[in-house]
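Accompanying notes for the structure given below.
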Amino acid sequence: MNLFGTMETSGSAMQAERMRAEVVAANMANAETTRTASGGPYRRQHVVFAADRPNAGFLDSMSAAAGASGTATAGPLASAAFPTLILPGSGAVAPGVHIAQVVEDTSAPLERYDPGHPDAGPDGYVAYPDINPLTEMVDLMGATRAYGLNSSAVQAEKGMITSALEIAKS
Amino acid sequence: MSMQIDTRLSEQIGSYLDLATAEIKLTAANMANIDTPGYRTVGLDFEAEMQGAMDSADAGRTPRQVRVRDVDGLISRPDGNNVSMDREGLNLAEAQLKFKVGVALLREENQTVMDAIHADK
């Protein structure tokens, strides 16, 4: 059982949540952007989280490199000295989270009548990104909360490591 | 007479600390995946695991692996995720306290051995 591994789990979540907050910030910053490199108005982005695949740790890479056949838990390096958490079904506990992809919203842009605008179409309508500040703020709040939750988990883990160091002190 | 520094109690406290660490690990994994679609909360039965660890220690076997199970009775969100922020926060605090208690007990136990070593002073 490794407490530092736990910190990595929480760290991966903090990284992912920060990325989510960055994407929200980009959406809000570009709420009025009518020109992009790909042409047309800016399109709202959002992130998709995915749990890290279990059994992708050092031990498994090592077992794989050592030419272990079958699953990593059955490899020569897997023994009582390296206890892993095994689910009753298959696989182990997800060691963290990552952003699988950043997807673009496919909803149609908002059309606003502004014939004087340089990006206005022949009918005088300008295509603006369909970004709702409320949705973005709620998403930002969620990201902030989850970030705080995971940072308090890191604090807890730090406290535990520190107190584990006290065992040997007399 | 053989030398025995580790007492039975200190081994048991060791298992207790291992379980508290496993609990923290699961809580951290749940917290990390609070926004992952389809993720299900995982947990362990502390009492059963502790009992199992004590039994295998008494029988002289190597400790068995911690059994992780899906937690029932939580409300799933529309995306299939059922992580509860409150449950995880409480679990984190509880596991932290358990760990602190274990450390305090282990220190006490070690102090007893140290006192025996320094009994001539």
Test log, rule salt bridge (charged side-chain N to carboxylate O under 4.0 Å, His left out), inputs B:Arg8 and B:Asp58: CA-CA 9 Å; B:Arg8 182 165 172 270; B:Asp58 286 345; 3.1 Å; yes

Residue selection (most heavy-atom pairs with chain A, distance under 4.5 Å) from B:Glu109, B:Gln96, B:Lys100: B:Gln96

Winner by heavy-atom pair count (cut-off under 4.5 Å) against chain A, out of B:Leu106, B:Val103, B:Asp35: B:Asp35

Derivation and outcome, side-chain contact (heavy atoms from CB on, under 4.5 Å), residues B:Ile34 and A:Arg145: CA-CA 10 Å; B:Ile34 197 156; A:Arg145 285 280 182 218; over 6 Å; no

Derivation of the salt bridge (charged side-chain N to carboxylate O under 4.0 Å, His left out) call for B:Lys98 and B:Glu94: CA-CA 6 Å; B:Lys98 275 179 186 158; B:Glu94 200 185 322; 3.4 Å; yes

Are the side chain of [X] and the backbone N or O of [Y] linked by a donor-acceptor pair below 3.5 Å?
X	Y	result
B:Arg40	B:Asp72	no
B:Ser76	B:Asn82	no
A:Ser10	A:Met7	no

CA sep, side-chain torsions, deciding dist, call: B:Arg69, B:Asp45, side-chain contact (heavy atoms from CB on, under 4.5 Å): CA-CA 8 Å; B:Arg69 56 190 177 84; B:Asp45 184 347; 3.9 Å; yes

Test side-chain contact (heavy atoms from CB on, under 4.5 Å) applied to B:Ile13 and B:Leu9, step by step: CA-CA 6 Å; B:Ile13 298 169; B:Leu9 183 59; 3.9 Å; yes

Within residues 115-142 of chain A, residues adjacent to chain B where the heavy-atom gap is under 4.5 Å: none

Sorted by number, residues from residues 26-50 of chain A in contact with chain B (heavy atoms, under 4.5 Å): A:Phe49, A:Ala50

Heavy-atom closest contact (B:Ala95 atom, B:Glu23 atom, distance): CB-OE1, 3.9 Å

Contact origin within B:Ile24 toward chain A - heavy atom pairs under 4.5 Å: both

Over 12 non-hydrogen atoms of neighbours within 6.0 angstrom of CD in B:Glu108: no

Polar contact flag, side-chain donor to acceptor under 3.5 angstrom, B:Asn30-B:Thr41: no

Heavy-atom pairs under 4.5 Å with chain B, option from A:Ala13, A:Gly159, A:Ala156 with the top count: A:Ala156

